[in-house]
Amino acid sequence: MPGDIEQVTAQLTALVRAKTGDAGARAHSLESLPGHAGFSYSFILERSAPDATPAGKYVVRIAPPGVKISGPADIVRQARVMASLADTPVAVPPIIWYGDEPEFFERPYFVGGFVEGFKLGESTLPLAHLKRLARNGIATMAALHNVAWEPRRAAWGEPFALSEELRRLDYLLDRPTLDPAVVARAPELRERLRSSLPTGARIGCVHGDFQWSNVLFNEERVVALIDWEISLVGATLLDLGWICFFSDPGSWVGPDVRGALLNADEIVDAYAEAAGFPVSAAEVRWFRAFAGYRFGVITCFNLMLHRRGKRHDPLWEETALSAPRMFEHGLELLG
């Protein structure tokens, strides 16, 4: 199975030779990249002729072994989603190849261009500069929401209803093994969200995990949105509520370790300015509350897995300190 650098190097070399028809092509200089949805590496593609293309630095992502190829593990779908945005104002890594031929990795894969960029949380630029970049990032999110989804349904799939978004979180929350002190007011917030479900919410392409760690910048512009594992066609304000949640100290206990560059109100203002369509303040509050509920439920579930030894990740112990506050703040937002 993928994971061993030497093995993946050999498999990649076989892939690039098959795809390019160049018997002298080779992959080398593999470096492991972070990520939770499979194995990811950067690598150098070297060609036998100096002017041959493609050549240079690329990224390969390979589906994890032993899991069903769906959701975050559906590597080919991620590639199709990114490829579908190549002709839009939304910056994505260029997709070179993708597929599930067993002779290469025995798992689905994609190869994309390596994008040079930095994340805002890692930058030492002056605060005013970072805030300007953050606004450019929000404008990119608005541009994604303005992309016509209907011509891209083959890659993205059919629209996902908000009611279904709530329903699939029930699978995580309705478990006797969760810590009731962490679950706190989650059931109450769930019922409030259900009873006030927005009707007629604007539908479009949704990244699904729009936060600053998934936006790459270079100088003054966004050069790539990355990590499209949970992208969907759905209510576009899902993305806005999500980034507002992570930028709102009211949802967290203790210091704001996420280092928000723009507060939630500034984010909404930047989005409304860039979007070119009306943004309802009441709807934004609902989606902010839903984001807190969603992440809070995910926290409860992952904490349970950690404590039961099923998925070791002690960071969830720290995050869980804020989970009751996430649910409380969601209720506050709904009024």
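Here the side chain of Ser195 pairs a donor or acceptor atom with the backbone of Arg192 at under 3.5 angstrom. A donor-acceptor contact shorter than 3.5 Å is absent between the side chain of Lys119 and the backbone of Leu216. Side-chain atoms of Glu266 come within 3.5 Å of backbone N or O of Asn263 as a donor-acceptor pair. Of the possible polar contacts, one joining the Asp22 side chain to the Ser48 backbone as a donor-acceptor pair under 3.5 Å is found. In terms of modelled atom types and a separation under 3.5 Å, the side chain of Arg153 and the main chain of Trp149 share no donor-acceptor contact. Proximity of a side-chain donor or acceptor of Arg17 to a complementary backbone N or O of Ala25 within less than 3.5 Å is detected. Judged by distance alone, with hydrogens and angles left aside, the side-chain atoms of Arg221 form no donor-acceptor pair with the main-chain N or O of Phe217 at under 3.5 Å. Using modelled atom types, one side-chain atom of Trp228 and one backbone atom of Leu225 make a donor-acceptor pair closer than 3.5 Å. Under the 3.5 Å distance criterion, the side-chain polar atoms of Arg288 are left unmatched by any main-chain donor or acceptor of Glu283. Thr53 places no side-chain N or O within donor-acceptor distance of the main-chain N or O of Ala55, the cut-off being under 3.5 Å.
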Begin with the C-alpha distance, continue with both residues' side-chain angles, and end with the deciding distance and a verdict on side chain to side chain contact (heavy atoms under 4.5 Å, CB included) for Arg107 and Asp100. CA-CA 6 Å; Arg107 304 292 287 164; Asp100 57 4; over 6 Å; no
Yes or no on side chain to side chain contact (heavy atoms under 4.5 Å, CB included) for Phe43 and Tyr58, after CA distance, side-chain angles and deciding distance? CA-CA 5 Å; Phe43 70 98; Tyr58 294 92; 3.6 Å; yes
Applying side chain to side chain contact (heavy atoms under 4.5 Å, CB included), run through Lys131 and Leu127 and close with a yes or a no. CA-CA 6 Å; Lys131 283 180 172 286; Leu127 181 59; 4.1 Å; yes
Please evaluate residues Arg77 and Glu229 with respect to the criterion salt bridge (charged side-chain N to carboxylate O under 4.0 Å, His left out), reporting the C-alpha separation (whole Å), side-chain torsions for both, the decisive distance (0.1 Å), and the verdict. CA-CA 8 Å; Arg77 179 184 183 274; Glu229 289 93 344; over 6 Å; no
For side chain to side chain contact (heavy atoms under 4.5 Å, CB included), just list the numbers for Val16 and Arg26, CA-CA rounded to whole Å, side-chain angles, deciding distance to a tenth of an Å, and then say yes or no. CA-CA 7 Å; Val16 300; Arg26 71 186 186 103; 5.8 Å; no
Walk me through whether Ser40 and Arg61 qualify under side-chain hydrogen bond (donor to acceptor under 3.5 Å, both in side chains). CA-CA 4 Å; Ser40 298; Arg61 177 165 283 190; 2.8 Å; yes
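For Glu191, the CD atom sits in a packed shell: over 12 heavy atoms of surrounding residues, nucleotides or ligands are nearer than 6.0 Å. Remark: Glu317 CD is packed, more than 12 non-hydrogen atoms of other residues, nucleotides or ligands lying under 6.0 Å away. Atom CZ of Arg175 has more than 12 neighbouring heavy atoms from other residues, nucleotides or ligands inside a 6.0 Å radius. Taking a 6.0 Å sphere around CD of Glu332, one finds it holds more than 12 heavy atoms contributed by other residues, nucleotides or ligands. Around the CD atom of Glu150, the shell of radius 6.0 Å holds more than 12 heavy atoms that belong to other residues, nucleotides or ligands.
Between the side chains of Trp156 and Ser84, at least one donor-acceptor pair of N or O atoms lies under 3.5 Å. In summary, the side chains of Thr236 and Arg202 do not present any donor paired with an acceptor at a separation below 3.5 Å, with no hydrogens or angles considered. In this structure, a donor-acceptor pair under 3.5 Å is present between the side chains of Glu101 and Tyr109. Checking Thr177 against Arg307 by side-chain atom types alone, no donor-acceptor pair falls below 3.5 Å. Asp248 and His329 share a side-chain donor-acceptor pair at under 3.5 Å. Residues Arg167 and Tyr171 have side chains that never bring a donor and an acceptor to within less than 3.5 angstrom of each other.
With ring centers used as reference points, Phe105 lies 6.0 Å or more from Phe39. Taking the six-membered ring where the residue is Trp, the centroids of Tyr271 and His145 are separated by under 6.0 Å. Phe245 and Trp252 have their aromatic ring centers within a separation under 6.0 angstrom.
Distance OH/Tyr293 to CG/Leu331: 11.0 Å, rounded to 0.5 Å. Taking SG of Cys244 as the start and CZ of Arg285 as the end, the distance is 12.0 Å to the nearest 0.5 Å. To the nearest 0.5 Å, the span separating CG on Leu321 from CE on Met326 amounts to 9.5 Å. Separation of atoms CG (Leu85) and CD1 (Ile95) is listed at 10.0 Å; rounding is to 0.5 Å. A distance of 11.5 Å separates CZ in Arg168 from OG in Ser163, rounded to the nearest 0.5 Å.
Taking hydrophobic clusters as Ile, Leu, Val, Met, Phe, Trp and Tyr residues chained together by side-chain heavy-atom distances below 4.5 Å, Leu120 does not share a cluster with Val115. If you chain together hydrophobic residues whose side chains sit under 4.5 Å apart, Trp316 and Leu305 fall into the same group. In this structure, Val147 is a member of the same hydrophobic cluster as Leu240, with clusters built from ILVMFWY side-chain heavy atoms closer than 4.5 Å. Linking ILVMFWY residues whenever their side-chain heavy atoms come closer than 4.5 Å, directly or via other members, leaves Val59 and Ile226 in distinct clusters. Put simply, Phe277 and Phe210 are part of the same group of oily side chains (I, L, V, M, F, W, Y) that touch within less than 4.5 Å, one to the next.
Contact check for Leu334 versus Trp286: side-chain heavy atoms found under the 4.5 Å cut-off. In this structure, the side chains of Val8 and Leu30 come closer than 4.5 Å at one or more pairs of heavy atoms. Looking at Asp209 and Asp227, their side chains never come closer than 4.5 Å, going by heavy atoms from C-beta outward. With contacts defined as side-chain heavy-atom distances shorter than 4.5 Å, the pair Leu133/Leu261 does not qualify. Counting heavy atoms from C-beta on, the side chains of Phe104 and Val60 never come closer than 4.5 Å. In this structure, the side chains of Leu172 and Leu178 stay at 4.5 Å or more apart for every pair of heavy atoms. Side-chain atoms of Val215 and Trp212, non-hydrogen and from C-beta on, do get closer than 4.5 Å to each other. At least one side-chain heavy atom of Arg152 sits less than 4.5 Å from a side-chain heavy atom of Thr88.
Nearest heavy atoms, Thr299 versus Ala323: CG2-CB, 4.3 Å. Contact between Gly208 and Arg294 at its shortest, heavy atoms only, is O-NH2, 3.0 Å. Among all heavy-atom pairs drawn from Gly113 and Ile96, the shortest one is N-CG1, 4.3 Å. Between His312 and Pro314, the closest heavy-atom pair is NE2-CD, 3.5 Å. Between Ser32 and Tyr41 the shortest heavy-atom distance is CA-CD2, 3.7 Å. Considering every non-hydrogen atom in both Phe327 and Gly292, the closest pair reads CE2-O, 4.2 Å.
Between Asp269 and Arg135 there is no salt bridge, since no side-chain N of the basic residue sits under 4.0 Å from a carboxylate O of the acidic one. Taking a cutoff of 4.0 Å between a charged side-chain nitrogen and a carboxylate oxygen, Lys68 and Asp74 do not qualify as a salt bridge.
Classified by interplanar angle (parallel below 30°, tilted 30° to 60°, perpendicular above 60°), the ring pair Phe246/Trp242 is perpendicular.
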